[in-house]
Amino acid sequence: MKLNLLSCDAQRPDRRAIAQCIAEVSMHINESLANELTDILLEGDAVDIEVDDKNSGSALRAFRKLSIDYEIVE
């Protein structure tokens, strides 16, 4: 499943937690790339990631918990 991470609405976003979440739930993204994507997301630009279908439910819950708005592409 492809997700488009749109923005983070948290008043004080936890960069480390967001990067760790992206690295854990997405396919083919290591910690270094997850940190870069987190910076891009927090600057206000959308980020595209791919999540394994069997992890999709927990991934969506994790993003909601981190106050990240997302859009399901596929």
Side-chain angles (χ1 to χ4, degrees):
M1 172 171 61
K2 291 186 180 182
L3 292 178
N4 199 9
L5 304 181
L6 303 172
S7 64
C8 181
D9 294 333
Q11 285 190 351
R12 295 180 54 160
D14 185 349
R15 288 180 182 269
R16 187 182 62 79
I18 294 169
Q20 185 177 9
C21 181
I22 291 172
E24 287 178 4
V25 301
S26 60
M27 299 170 54
H28 314 296
I29 295 181
N30 60 21
E31 288 183 32
S32 176
L33 181 56
N35 285 324
E36 290 180 36
L37 293 176
T38 299
D39 290 339
I40 292 169
L41 177 66
L42 294 179
E43 288 174 1
D45 295 325
V47 174
D48 295 328
I49 64 169
E50 189 169 344
V51 177
D52 191 13
D53 285 337
K54 64 182 177 182
N55 295 332
S56 62
S58 60
L60 297 178
R61 279 191 300 279
F63 289 133
R64 283 193 301 268
K65 185 176 179 181
L66 292 168
S67 299
I68 296 174
D69 292 329
Y70 58 86
E71 172 182 64
I72 299 173
V73 178
E74 285 183 16

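Remember, predicted model here, so these are calculated numbers, not experimental data.
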Novice: Tell me the closest heavy-atom pair linking Asp53 and Ser56, and the distance in Å.
Specialist: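 Here Asp53 and Ser56 meet closest at O-OG, 2.9 Å.
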Novice: Partners of Arg61 by side-chain hydrogen bond (donor to acceptor under 3.5 Å, both in side chains), sequence neighbours excluded?
Specialist: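 Arg61: no side-chain hydrogen bond (donor to acceptor under 3.5 Å, both in side chains) contacts found.
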Novice: Membership question, hydrophobic clusters at under 4.5 Å side-chain separation (ILVMFWY): are Val51 and Ile72 in the same one?
Specialist: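 Yes.
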Novice: Can you list, by chain and residue number, the hydrophobic cluster partners of Met27 when the side-chain cut-off is 4.5 Å?
Specialist: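 Answer for Met27: none, a lone residue.
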Novice: Less than 3.5 Å apart, which donor and acceptor atoms pair up between the side chains of residues 32-46 and the rest of the protein, not counting sequence neighbours?
Specialist:
unit_1	atom_1	unit_2	atom_2	d
Asn35	ND2	Glu31	O	3.2
Thr38	OG1	Ala19	N	3.3
Thr38	OG1	Ala34	O	2.8
Asp39	OD1	Arg15	NH1	2.6

Novice: Only counting residues at least two apart or in another chain, list the ones meeting side-chain hydrogen bond (donor to acceptor under 3.5 Å, both in side chains) with Glu71.
Specialist: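 In terms of side-chain hydrogen bond (donor to acceptor under 3.5 Å, both in side chains), with neighbours along the sequence ignored, Glu71 is linked to Asn4.
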Novice: Could you measure the distance from the CZ atom of Phe63 to the CD1 atom of Ile18? Nearest 0.5 Å is fine.
Specialist: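 Going from CZ on Phe63 over to CD1 on Ile18, the span is 9.5 Å.
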Novice: Between NE2 of His28 and CG of Asp52, what distance do you get to the nearest 0.5 Å?
Specialist: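 Taking NE2 in His28 and CG in Asp52, the distance rounds to 9.0 Å.
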Novice: Restricting to side chain to side chain contact (heavy atoms under 4.5 Å, CB included), what partner residues turn up for Arg16, sequence neighbours left out?
Specialist: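 With neighbours one apart ignored, the set is Asp14, Gln20.
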Novice: Sequence neighbours left out, what passes side-chain hydrogen bond (donor to acceptor under 3.5 Å, both in side chains) with Glu50? Give chain and number order.
Specialist: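 Partners of Glu50 under the side-chain hydrogen bond (donor to acceptor under 3.5 Å, both in side chains) test: none.
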Novice: For Ser58, give me all partners under side-chain hydrogen bond (donor to acceptor under 3.5 Å, both in side chains), at least two apart in sequence or on another chain.
Specialist: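 With sequence neighbours excluded, Ser58 shows a side-chain hydrogen bond (donor to acceptor under 3.5 Å, both in side chains) to no residue whatsoever.
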Novice: Walk me through whether Ser7 and Asp69 qualify under side chain to side chain donor-acceptor pair (under 3.5 Å).
Specialist: CA-CA 5 Å; Ser7 64; Asp69 292 329; 3.3 Å; yes
Novice: Please give the remaining members of the hydrophobic cluster of Leu6, linking ILVMFWY side chains under 4.5 Å, ordered by chain and number.
Specialist: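 Other cluster members: none.
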